[in-house]
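Here is how names work: the chains are called A, B, and so on, in the same order as the sequence lines, proteins then strands, and each is numbered from 1. Because the structure is a prediction, the values reported are computed rather than measured.
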2 protein chains.
Amino acid sequence: MTIQRRCILDSLTFFPQSVFEISSFLKTHGTPVDVVTIYRTLNCFVEIGIAGKTKFKDDFSRYELISEANHHHHLVCDKCGAVEDIPLDDKLLIDEINKKTNFKVKSHALEFFGICTKCQQ
Amino acid sequence: MTIQRRCILDSLTFFPQSVFEISSFLKTHGTPVDVVTIYRTLNCFVEIGIAGKTKFKDDFSRYELISEANHHHHLVCDKCGAVEDIPLDDKLLIDEINKKTNFKVKSHALEFFGICTKCQQ
DNA sequence: TGACTTATTGCAAGTCATTTGCAATAATTC
DNA sequence: GAATTATTGCAAATGACTTGCAATAAGTCA
Ligand SMILES: [Mn+2]
Ligand SMILES: [Mn+2]
Ligand SMILES: [Zn+2]
Ligand SMILES: [Zn+2]
């Protein structure tokens, strides 16, 4: 556990952030960390299961904290790119899959694209 | 409408394929087309709404035909990468979102990861 | 504590999917 | 069929991400 790793961990949220965003945040909060270190650390966090990696339509990865208690899905604005967290009942869907196939579901990504509240005005 | 575009359109399926796969297919079927042309054509197809672009965990894009009548979702095998199409009733989820927020959903991607039938043996 | 071992950092350089510039070629228009 | 316009394919650029490696910091054990 190093200073850099602690800072990266502290800057993670349930809101998925890009490496660029994390890097900017750390720069303006007194502890600049090289992007390479951020990449390596986040990959490590994903492997040990404390962070999740997501990719939306733009093509860079976003990272967020993972917790069983906080399972949720994402509403992504097509206009401004804002991401909203939303808890959804995904049990029915998984039951449906189990009924129809014998694919063994281990994880899932439910993402909805559209226009956020702000951009509707 | 050129020969190349016709060939690319004909090689599309409801099964999402990578540019590499489409390129290989065209090479072994008498009509090699430059990958740049494939990229440009597929982007065009996506813009006019006849093709869909998907990204799974590996990081290259996959393209498939789109049709209202054939709306479906994907089961992606974590082991072999196989993709299975599955129709799912997503109405309830979207209703749930409309009830909880005023985000205006325009499209969605429901992807399930796990182990396919073959890889379970 | 301090010498020793091991893991992490940061820069530079490499990789790989995708995009862009541009001249040659093909399709469309008149 | 000549003139206009769009599409092709090569080479080169881009941009997110990874890797090599020497310097530095953490952890270990007397
Ligand atoms: Mn989230
Ligand atoms: Mn499909
Ligand atoms: Zn928005
Ligand atoms: Zn499989």
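Of the N and O atoms on the side chains of B:His73 and B:Asp90, at least one donor lies less than 3.5 Å from an acceptor on the other residue.
For B:Ser61, a side-chain nitrogen or oxygen approaches OP1 or OP2 of C:dT18 to under 4.0 Å. Listed pair A:Gln4 / D:dA25 fails the phosphate criterion, with no side-chain N or O lying under 4.0 Å from OP1 or OP2. For C:dT9, one of the phosphate oxygens OP1 or OP2 lies less than 4.0 angstrom from a side-chain nitrogen or oxygen of A:Arg5. Between B:Thr2 and D:dA6, a side-chain N or O to OP1/OP2 separation shorter than 4.0 Å is absent. The side chain of A:Tyr39 contributes an N or O atom lying less than 4.0 Å from OP1 or OP2 of D:dC17. An OP1 or OP2 oxygen of C:dG10 is reached within less than 4.0 angstrom by a side-chain nitrogen or oxygen of A:Thr37.
B:Phe60 comes within contact range of the sugar-phosphate backbone alone, with a heavy-atom separation under 4.0 Å but no base atom that close. As judged by a 4.0 angstrom heavy-atom cut-off over every strand, B:Val33 is placed among residues touching the sugar-phosphate backbone only. At a threshold of 4.0 angstrom between heavy atoms, the contacts of B:Arg40 include nucleobase atoms, whether or not backbone atoms are also involved.
As a whole-Å value, the separation of A:Asp58 CG from D:dG15 C1' is 13 Å.
Among C:dT20, D:dT8, C:dC11, the nucleotide with an atom closest to any side-chain atom of B:Val36 is C:dT20.
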Go through A:Thr101 and B:Leu75 one step at a time and tell me if the side chain to side chain contact (heavy atoms under 4.5 Å, CB included) criterion holds. CA-CA 10 Å; A:Thr101 72; B:Leu75 306 177; 4.1 Å; yes

